[in-house]
Number of protein chains: 2
Amino acid sequence: MALISKSSEYGLRAALYIAARPDEAHVSVREMSAQMDISFHFLTKILQRMTRAGLLASTRGAKGGLALAKPAAKITLLDIVRSVEGDDLFRECILGLAGCGEKRPCPLHRYWGKERARLEKLFRKMTLARLARETARDGLRLAD
Amino acid sequence: MALISKSSEYGLRAALYIAARPDEAHVSVREMSAQMDISFHFLTKILQRMTRAGLLASTRGAKGGLALAKPAAKITLLDIVRSVEGDDLFRECILGLAGCGEKRPCPLHRYWGKERARLEKLFRKMTLARLARETARDGLRLAD
DNA sequence: CCTATTTAAGACATTGATGTCCTAATTATA
DNA sequence: TATAATTAGGACATCAATGTCTTAAATAGG
């Protein structure tokens, strides 16, 4: 099991790819899918969700593609992952119990609640700007 | 997306159910599946994996059922989850990149690596004994 | 020894996530 | 205006996780 879905992984990698781009031009899905070895059509649909969520701006037609819809410093990992797989991430009981909360906690609630909050904070504080800067500076990779 | 699979959730809940039992008798899958509203046959297969992994001891036939194979203080959450869903938990790259590591890190490696280690430690340190004690003391619940 | 009970194990079905394909709409450029 | 490039969107296929069912093996107790 992974913390986030494959769709989210792809969405994050694509967002980083766009943000780490030197120029500001639109990037095509075709290029990203080829460079990162991700299914073109599948990636397309993931990026559509991010576009509908207001994170990306798309232009159709020749020379079209995707760009960030706002400054990279204003886009967080949490924004991206939640735009792709819904708002429940970092809000669920680790044992899957529906009514788990302060009132009716499961045996792991006190422990998992802390870790979950840490993770949520990390994702909420981490911006695309910061990661793109480090990616460019240290030559980090977005594909195998 | 959840941190652990539904199978692991069920396995953890069942382990806690057994450990929190006042007496030391074997507990039947039928009882657990009814009490926690989990599919009987599905739960059976999960508990078989935990039995094969040496965490539970099963006895067939009338009055049979499952019991812990060793003291609850010697069984950790990590033992349980890994017995159910394999040893990769808390070892994977959050972007799903195969070769991600210190040598060829992904943009999130430095951040996720820390959190992943924290989570792994929590699961490695947390024993069934401790959770069962708290569950009994505070009346915590294992079902909705 | 017989019967009811219970786990073991494998076949099969269902479901949700992932992946593929085709057509429509839009846009730059010749 | 015509063409090629590109995203939008829906239909469909595949796969892994989840869930169901059936039979076999083992065991306690009458």
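These figures come from a predicted structure and were not determined experimentally. Lettering of chains follows the sequences in order, A, B, ..., and the numbering in each one begins at 1.
Crowding of D37(A) atom CG: a count of heavy atoms from other residues, nucleotides or ligands under 6.0 Å not exceeding 12. Residue-environment remark: CZ (R30(A)) stays at or below the threshold of 12 foreign heavy atoms within 6.0 Å.
Atom-to-atom, CG of D88(A) to P of dA17(C) comes out at 12 Å; the value is rounded to the nearest Å. In this entry the distance linking CD of E85(A) with P of dA17(C) reads 9 Å, nearest Å. In this structure, CD1 of I38(B) is placed 12 Å from P of dT20(D), rounded to the nearest angstrom. Rounded to a whole Å, the CZ atom of F42(B) is 15 Å from the C1' atom of dG10(C). Rounded to a whole Å, the CD1 atom of I4(A) is 15 Å from the C1' atom of dT18(C). Rounded to whole angstrom, the span from the CD atom of E9(A) across to the C1' atom of dG19(C) amounts to 15 Å. As rounded to whole Å, 14 Å separates atom C1' of dT6(C) from atom CG of L43(B). Taking atom CZ of residue R30(A) and atom C1' of nucleotide dA4(D), one finds them 13 Å apart after rounding to whole Å.
Residue Y10(B) has a polar side-chain atom (N or O) positioned under 4.0 Å from OP1 or OP2 of dG19(D). A close approach under 4.0 Å does not occur between any side-chain nitrogen or oxygen of S28(B) and OP1 or OP2 of dT5(C). OP1 or OP2 of dA8(C) has not a single side-chain nitrogen or oxygen of T44(B) nearer than 4.0 Å.
A heavy-atom distance below 4.0 Å to DNA chain D is reached by these residues of residues 48-61 of chain B, ordered by number: R60(B), G61(B).
Both V27(B) and K6(A) sit near DNA chain C, but only V27(B) has its closest nucleotide nearer the 5' end. Of the two residues near DNA chain C, L47(B) and M1(B), the one whose nearest nucleotide lies more 5' is L47(B).
Remark: R91(B) does not engage E120(B) in a salt bridge, criterion side-chain N to carboxylate O under 4.0 Å. Between R21(A) and E31(A) there is a salt bridge, since a side-chain N of the basic residue sits under 4.0 Å from a carboxylate O of the acidic one.
A donor-acceptor contact under 3.5 Å is formed by the side chain of K45(A) with the base of dT20(C).
For V29(B), the side-chain atoms get nearest to dT7(C) when compared with the rest of dT7(C), dT5(C), dT20(D). Checking dT7(C), dA28(D), dT18(C) against the side-chain heavy atoms of F40(B) singles out dT7(C) as nearest. Taking every side-chain heavy atom of A62(B) into account, dA28(D) is the closest of dA28(C), dG19(D), dA28(D).
The only member of K114(A), R116(A), H109(A) that meets side-chain contact (heavy atoms from CB on, under 4.5 Å) when paired with W112(A) is R116(A).
Evaluation of the side-chain contact (heavy atoms from CB on, under 4.5 Å) rule for L122(A) yields M126(A), Y111(B), E115(B) as partners, not counting sequence neighbours.
Within the 3.5 Å criterion, the main-chain N or O of L142(B) finds a donor-acceptor partner in the side chain of R13(B).
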